[in-house]
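Keep in mind that the numbers below use all heavy atoms, side chains included, and drop hydrogens, waters and symmetry copies. Fair warning: this is a prediction, and the values are worked out from it, not measured in the lab. Order of the sequence lines fixes the chain letters, A, B, ..., with proteins taken first and strands second; residue numbering starts at 1 for each chain.
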Amino acid sequence: MIDLKFIRTNPDLIRTAIQNKNEKADLDLLLGKDEERRKLQYEFDNLRARQNAVSQTIAQKKRSHEDATQELAEMADVASRIKNLQSNLAELNATVESLLLTIPNIPQADVPIGKDESFNEVIRYVGQPPTMDFVPKDHLDIATQNSFLDLPRGAKISGSGFPIYTATGAKLERAIINFMLEYHIQNHGYTELMVPLAVTRKTMTGTGQLPKLESDMYHIAEDDLFLIPTAEVPVTNIYADEVLSYKDLPKKFVAYTPCFRREAGSYGKDTRGLQRLHQFNKVEMVRFVEPENSEQALDEMLADAEDILMAFGLHYRVVSLCTGDLSFASQKTYDLEVWAAGSKKYLEVSSVSNFGEFQARRANIRYKDSEGKMRHLHTLNGSGLATPRLMIALLEQYQKADGSFQVPEVLKPFLELRI
RNA sequence: GGAGAGUUGCCGGAGCGGUUGAACGGGGCGGUCUCGAAAACCGUUGUGCCCUUAUGGGUACCCAGGGUUCGAAUCCCUGACUCUCCGCCA
């Protein structure tokens, strides 16, 4: 969340951010409630001060056996007023808090302004689309021909969007995950975590998925737990309500998890094969850094994700998301879009974002800097990478004329098999 | 799922309902001493909110939320978490 004091003193900046992000947070309501709250707080504090002082007097008089009926009478009245104020104040605080949670992060100054993805900026293209001396097939055809996937049965047991990877397909998927994990651990200095896949409402709020995106989550009502849409959620929240030392920073974690998304409202769009799923696998990188270093950390993470694509020899492009396409919590995001040689289009396989202190404020993650000052740290995360669309690109690029699949060199150590 | 114990400041650990933001010990930080260091001694040591900002002041916080009371870390209720035992189980 944004610092309430900052909002109070820079309302126009916030208003613009809300607009540019296509959000519909009610800033004026928040400001009004905040003012009301401060007034009550002041009143409450003063009344309490009175109560504390007189209570001392009462204590003293009682000890020296003096009469305190006058003080007691006054305090009975004060106490009931305090009680009233207190419940009003608690209610107001809750209101302000929940309104505050609907204010999005402010896009960084260098983020292109625009209302939707058509305003995103391609930063660069890397590599070339492969040249093939035959007409390449689409990933689903390759997968079907080689028995890598069983989508119909996945749909039978769970509904569409829940793929089954079969035999070699499963092994291939596992090899890809392992390759990426090991790459980040060994070459980029990340520490691996295995984390819970179901998290609390508070955790989901900490990273900014809630309250906005509740309808996109799988929710277990009985325990009020949510299936994670990305490892970002559990990993970023591991330090919630903690105070770290500047000596602990930066921290770099990588985690593989399945991800669950209801994808409400996106039915029928780009759904062939593995393009859009309710459950998919992803290797996620998360960093906790000092504020001064977050912009550089973003560039590094982008490079970390790109390294994977380059290792596979895939052509891709880097896109800077415009304000309207930026997620609620992000202040700057790069997407990596890999080239699918068969479908002839770019597919998003990674999103690398700097959240500034936005998530750290929500999740209450702080650190003491080298001067002993308490501050919110900055959080970042990036996919490194999500597997389904990577699988699409690999199947389509590494297919042979007969429709068989040639295992990319870098995967061979992770995949001791012949196809 | 059942039974019991616990949750206090950076850590350990006290705390008859009033002068306790919290004894005591340890740690950290600053200082004295020393050529340095150790030891000893002295001092200091949290966070949020509100008001005012040169400084300062008020208030809240002893797991969380309610309640009793003029007044609660201290009494009552509910919940969360941790530990032990039993049951169930990959």
Which nucleotide, [options], lies nearest any side-chain atom of [X]?
{"X": "A:Phe44", "options": "B:U59, B:C51, B:U19", "value": "B:U59"}
{"X": "A:Ile58", "options": "B:C70, B:G46, B:C49", "value": "B:C70"}
{"X": "A:Arg38", "options": "B:U47, B:C51, B:G71", "value": "B:C51"}

Closest-nucleotide 5' rank along RNA chain B - winner of A:Lys83 and A:Leu4: A:Leu4
statement: Nearest-nucleotide check on RNA chain B, A:Asp34 vs A:Ala59; residue mapping nearer the 5' end is A:Ala59
For nucleotides [N] and [M], find the distance between their [atom1] atoms and express it as a whole number of Å.
{"N": "B:C41", "M": "B:A73", "atom1": "P", "result": "34 Å"}
{"N": "B:C81", "M": "B:C88", "atom1": "P", "result": "23 Å"}
{"N": "B:G57", "M": "B:U7", "atom1": "C1'", "result": "34 Å"}
{"N": "B:U8", "M": "B:U20", "atom1": "C1'", "result": "12 Å"}
{"N": "B:G48", "M": "B:G67", "atom1": "C1'", "result": "25 Å"}
{"N": "B:A80", "M": "B:C63", "atom1": "C1'", "result": "8 Å"}
{"N": "B:U44", "M": "B:A23", "atom1": "P", "result": "13 Å"}
{"N": "B:G58", "M": "B:C75", "atom1": "C1'", "result": "29 Å"}

Nearest-Å distance for atom pair [atom1]/[atom2], residues [X] and [N]:
{"X": "A:Glu74", "N": "B:C70", "atom1": "CD", "atom2": "C1'", "value": "10 Å"}
{"X": "A:Lys33", "N": "B:C49", "atom1": "NZ", "atom2": "P", "value": "21 Å"}
{"X": "A:Asn46", "N": "B:C49", "atom1": "CG", "atom2": "C1'", "value": "14 Å"}
{"X": "A:Gln41", "N": "B:C61", "atom1": "CD", "atom2": "P", "value": "12 Å"}
{"X": "A:Asp45", "N": "B:U59", "atom1": "CG", "atom2": "P", "value": "8 Å"}
{"X": "A:Leu85", "N": "B:A60", "atom1": "CG", "atom2": "C1'", "value": "14 Å"}
{"X": "A:Leu89", "N": "B:C61", "atom1": "CG", "atom2": "P", "value": "12 Å"}
{"X": "A:Leu47", "N": "B:A60", "atom1": "CG", "atom2": "C1'", "value": "15 Å"}

message: Using 0.5 Å steps for rounding, measure from the CZ atom of A:Phe405 to the CZ atom of A:Phe148.
response: 6.0 Å
query: How far does NZ of A:Lys332 sit from CG of A:Leu380, to the nearest 0.5 angstrom?
result: 12.0 Å
message: Quick check on the 6.0 Å ring-centre criterion: do A:Tyr190 and A:Phe253 meet it?
response: no
query: Applying the salt bridge (Lys or Arg N to Asp or Glu O under 4.0 Å) test to A:Asp241, which of A:Arg366, A:Lys202, A:Arg362 qualifies?
result: A:Lys202
Name the nucleic acid region contacted by [X], choosing base, sugar-phosphate or nothing; use a 4.0 angstrom heavy-atom cut-off, strictly under.
{"X": "A:Gln51", "value": "sugar-phosphate"}
{"X": "A:Arg37", "value": "sugar-phosphate"}
{"X": "A:Arg8", "value": "sugar-phosphate"}
{"X": "A:Lys202", "value": "nothing"}
{"X": "A:Lys61", "value": "nothing"}

statement: Residue set satisfying side-chain hydrogen bond (donor to acceptor under 3.5 Å, both in side chains) with A:Gln296, at least two apart, ordered chain then number -> A:Glu300
[X], [atom1] atom: more than 12 neighbouring heavy atoms under 6.0 Å:
{"X": "A:Tyr42", "atom1": "OH", "result": "no"}
{"X": "A:Glu292", "atom1": "CD", "result": "yes"}
{"X": "A:Glu182", "atom1": "CD", "result": "yes"}

- request: Compute both the distance and the angle, then confirm whether A:Lys212 meets the cation-pi test with A:Phe328: under 6.0 Å from the six-membered ring centre, within 45 degrees of the axis.
  value: no
Is the phosphate of [N] approached by [X] (side-chain N or O, under 4.0 Å from OP1 or OP2)?
{"X": "A:Arg48", "N": "B:A60", "result": "yes"}
{"X": "A:Arg63", "N": "B:U19", "result": "no"}
{"X": "A:Asn52", "N": "B:U59", "result": "yes"}
{"X": "A:Asn364", "N": "B:U47", "result": "no"}

- request: Go through RNA chain B and write down every stem, that is, every run of at least three consecutive Watson-Crick or G-U wobble pairs with distances under 3.5 Å, as range with range.
  value: B:1-7 with B:80-86, B:10-12 with B:24-26, B:27-32 with B:40-45, B:46-51 with B:56-61, B:63-67 with B:75-79
